[in-house]
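Step one of this worksheet: look at the structure below.
Just so it is clear, the structure is predicted and the values come from calculations on it, not from any experiment. Both counts, for ligands and for their atoms, begin at 1 and track the order of listing.
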Amino acid sequence: MLKLSVVGTGYLGVTHAAAMSSLGFEVVGVDVDSKKIAQLQSGRVPFFEPHLEELLSKELSSGRLKFTTDFSQLSDCDVHFICVGTPQQKDGIAADLTYVDAAFNSVAKYAKAGSLLVGKSTVPVGTAEKIKSELANSHPTLELAWNPEFLREGFAVEDTLRPNRLVVGVTSDKAEKVLQEVYQSLLKNNVPWIRADLPTAELVKVAANSFLATKISFINAMAEICEAAGGDVTVLAKAIGYDPRIGSRFLQAGIGFGGGCLPKDIRAFMARSQELGAEQSLEFLREIDSINLRARQRVIDLVRADIGTDLKGKKIAVLGGAFKPDSDDVRDSPALDIAAQIHAAGANVSVHDPKAVEPARIRHPELQYTTEIDDCLRDADIVLHLTEWKIYREIDPKVAHGLVKSARIIDGRNALDREAWVAAGWKFRALGRS
Ligand code: UGA
């Protein structure tokens with residue numbers, strides 16, 4: 001049986017390590033962050049991801065899964081998955097490849113001759129070819145493959161163990177065979193297997209995320225038109241979604257996309273297209289990005305239209321801080337961005353989130369946080385529903401009416417039951433619904 005290493009213990013790395021262990025492989029997870037490794041060794045996942053902690057504990061006790069900060073422990077592994085982050089550069093829109101470069105260097109140093117290095121991180125096209133030629137000089141027996149990951153936060157375990165496709169960028173039949181051996185139990189379930197060259201494998205990932213971002217911004221552009229023309233974007237989305245060529249998923253209009261992937265991936269893709277002399281081809285992504293950011297501004301404009309342009313001293317209840325439900329990830333969270341902007345305008349903002357309060361506090365310590373919905377709503381001049389956690393759909397609008405100072409709500413995710421809120425006496429606004 002192959003022995004695997006997984007380098008990088010974020011959402012992708014921890015999930016991949018635990019999932020591969022559950023398929024029967026011995027797996028060593030490696031990270032330079034000793035705090036994270038200590039948590040993982042004791043069975044705790046350093047972030048919230050449904051079902052992952054249960055899987056982690058089970059796999060740790062099986063004895064197949066280990067975590068360490070010591071890279072030399074990957075020296076007896078046959079396959080190394082590199083799962084480190086590629087955040088947006090601090091001073092630009094391109095991807096920061098510091099962690100990818102460092103991870104490949106460390107792995108190459110300890111990897112045994114003939115082993116396979118597999119990039120899973122999302123990288124600008126051309127990165128793999130560059131790493132491949134560096135390896136050819138420094139460690140000629142090591143081989144490189146690229147195997148992009150399509151897991152969604154909130155469904156990470158499910159998406160890893162039941163992917164809708166597996167894409168491998170390889171330059172030899174041998175590398176493809178090794179990866180088929182790794183994924184053989186998934187392939188038994190007829191998961192489509194796509195062999196590609198290295199640049200195509202890298203591009204598949206950013207193309208997929210760009211398409212998803214485009215779909216969301218498309219429907220948000222339609223929301224703007226609906227508002228201008230007096231239409232209802234939720235009905236429009238439902239109607240166009242029945243066309244199987246369009247499909248109904250990712251047509252949820254609202255405050256747009258955030259998180260650690262879609263926003264930075266479309267920006268890094270634009271930056272890379274410029275380097276390739278093909279910037280015109282991705283010019284539209286600039287518009288996708290601005291439609292996305294405009295949705296956040298639209299909420300702030302609606303707040304001002306509802307309670308007055310001067311927000312000083314107004315209490316704003318914000319339901320949701322995470323970039324999406326079932327996650328505690330607040331990276332580029334539209335909800336938190338809106339909360340912070342309203343706070344900066346002088347309002348007194350109280351943010352509720354069932355899971356993301358602590359990560360949100362680290363990013364925006366200036367905001368007030370609560371884990372009690374009632375405390376968040378109490379005496380509010382307006383309520384903003386910004387992350388569609390299920391618990392917010394379970395709020396009784398009649399009870400909530402008794403808590404707030406003024407019964408006004410903006411549904412930034414088009415997820416609440418408008419009729420029920422209106423019937424309970426609320427002034428209800430939503431993006432794209434006149
Ligand atoms: C995204 C992709 O969906 C994954 O396939 C990919 O593997 C991952 O990025 C990645 O690159 O690692 P994720 O960031 O977990 O996954 O989040 P999504 O479920 O794609 O949602 C992104 C954002 O779009 C969220 O803020 C969500 O609220 C928003 N969204 C989604 C909408 O505003 N409307 C929709 O209809 C759908």
Side-chain angles (χ1 to χ4, degrees), residues 8 10-16 47-50 52 83-88 95 120-123 147-160 163-167 202-223 233-234 236-238 240-241 246-269 288-289 291-296 298-299 320-338 353 356 385-389 411-415 430-432:
Y11 289 90
L12 169 56
V14 177
T15 312
H16 194 66
F47 47 85
F48 173 70
E49 178 60 43
L52 185 54
C83 298
V84 295
T86 51
Q88 187 173 330
K120 282 188 88 63
S121 307
T122 304
V123 289
N147 169 216
E149 177 59 54
F150 306 102
L151 67 79
R152 298 158 298 167
E153 288 178 24
F155 299 90
V157 174
E158 168 76 12
D159 287 351
T160 305
N164 46 31
R165 78 285 210 193
L166 284 162
V167 178
E202 294 168 310
L203 279 171
V204 168
K205 174 60 194 260
V206 282
N209 276 2
S210 299
F211 191 85
L212 294 171
T214 301
K215 225 177 158 187
I216 299 167
S217 278
F218 173 82
I219 203 64
N220 284 338
M222 293 305 111
V233 74
T234 62
L236 182 146
K238 196 169 158 189
I240 64 171
I246 296 173
S248 59
R249 299 177 73 182
F250 270 65
L251 284 184
Q252 186 79 18
I255 57 171
F257 57 83
C261 304
L262 264 45
K264 64 102 177 154
D265 285 353
I266 61 166
R267 291 173 197 152
F269 201 12
I288 298 307
D289 204 5
I291 293 167
N292 192 51
L293 296 177
R294 225 156 49 216
R296 303 177 188 187
R298 177 76 185 128
V299 170
F323 86 106
K324 69 173 189 180
D326 298 313
S327 171
D328 65 353
D329 196 345
V330 294
R331 287 177 292 171
D332 205 343
S333 163
L336 211 51
D337 186 18
I338 291 169
D353 192 283
H385 173 244
L386 302 185
T387 311
E388 68 276 36
W389 286 96
D411 183 4
R413 289 294 184 181
N414 277 309
L431 298 186

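Annotation: atom 24 (O) of ligand 1 to nearest protein heavy atom, Phe257 CB, 3.2 Å. From the protein, the heavy atom lying nearest to atom 10 (C) of ligand 1 is Cys261 SG, 3.0 Å. Among all non-hydrogen protein atoms, the one lying nearest atom 30 (N) of ligand 1 is Ile216 CD1, 3.5 Å. When hydrogens are left out, the protein atom nearest atom 20 (O) of ligand 1 is Phe250 CZ, 3.3 Å; that is the closest non-hydrogen contact. In this structure, the protein non-hydrogen atom closest to atom 5 (O) of ligand 1 is Phe150 O, 2.8 Å.
Among Arg152, Arg413, Gln252, the residue whose heavy atom lies nearest to atom 36 (O) of ligand 1 is Gln252. Ranked by closest heavy atom to atom 6 (C) of ligand 1, the top entry among Leu151, Asn220, Ile255, Asn292 is Leu151. Counting only non-hydrogen atoms, the option in Lys324, Lys205, Lys215, Glu153 that gets closest to atom 17 (O) of ligand 1 is Lys324.
Here the side chain of Ser333 pairs a donor or acceptor atom with the backbone of Gly321 at under 3.5 angstrom. Here the side chain of Glu388 pairs no donor or acceptor atom with the backbone of Pro325 at under 3.5 angstrom. Formation of a donor-acceptor pair under 3.5 Å by the Thr387 side chain with backbone atoms of Ala322 is found in this model. A donor-acceptor pair under 3.5 Å is absent between the side-chain atoms of Arg298 and the main chain of Leu293, judged by distance alone. Judged by distance alone, the side chain of Asn220 and the main-chain N or O of Gly254 form a donor-acceptor pair under 3.5 Å. Of the possible polar contacts, none joining the Lys120 side chain to the Gly13 backbone as a donor-acceptor pair under 3.5 Å is found. Side-chain N or O atoms of Asp326 include none that pairs as donor or acceptor with a backbone N or O of Glu49 at under 3.5 Å.
A donor-acceptor pair shorter than 3.5 Å cannot be found between the side chains of Lys264 and Thr122.
Note: no N/O pair closer than 3.5 Å links Gly259 and ligand 1 by distance alone. Looking at ligand 1, you'll find an N or O of Phe323 within less than 3.5 Å of one of its N or O atoms.
Neither the backbone nor the side chain of Leu12 comes within contact range of ligand 1; no heavy atom lies under 4.0 Å. Of the heavy atoms in Asn209, only side-chain atoms (C-beta onward) come closer than 4.0 Å to ligand 1. Counting heavy atoms closer than 4.0 Å to ligand 1, residue Leu212 contributes side-chain atoms (C-beta onward) but none from N, CA, C or O.
Applying the 4.0 Å criterion to heavy atoms of Glu149 picks out, from ligand 1, the atoms 7 (O). Within ligand 1, the atoms closer than 4.0 Å to a non-hydrogen atom of Leu262 are 1 (C), 9 (O), 22 (C), numbered from 1 in the order shown. Close approach of ligand 1 to Leu251 is summarised as follows: ligand atoms under 4.0 Å from at least one heavy atom of the residue are 36 (O).
Contact annotation: Gly256 has at least one heavy atom less than 4.0 Å from an atom of ligand 1. Judged by the shortest distance from any of its heavy atoms, Arg249 lies outside the 4.0 Å radius around the atoms of ligand 1.
When Ile219, Ile288, Ile266 are each tested for a side-chain contact (heavy atoms from CB on, under 4.5 Å) with Thr214, only one passes: Ile288.
In Phe218, the CZ atom is not crowded: 12 or fewer heavy atoms of neighbouring residues, nucleotides or ligands sit closer than 6.0 Å.
From Leu262, atom CG reaches atom CG of Asp289 across 10.5 Å, with rounding to the nearest 0.5 Å.
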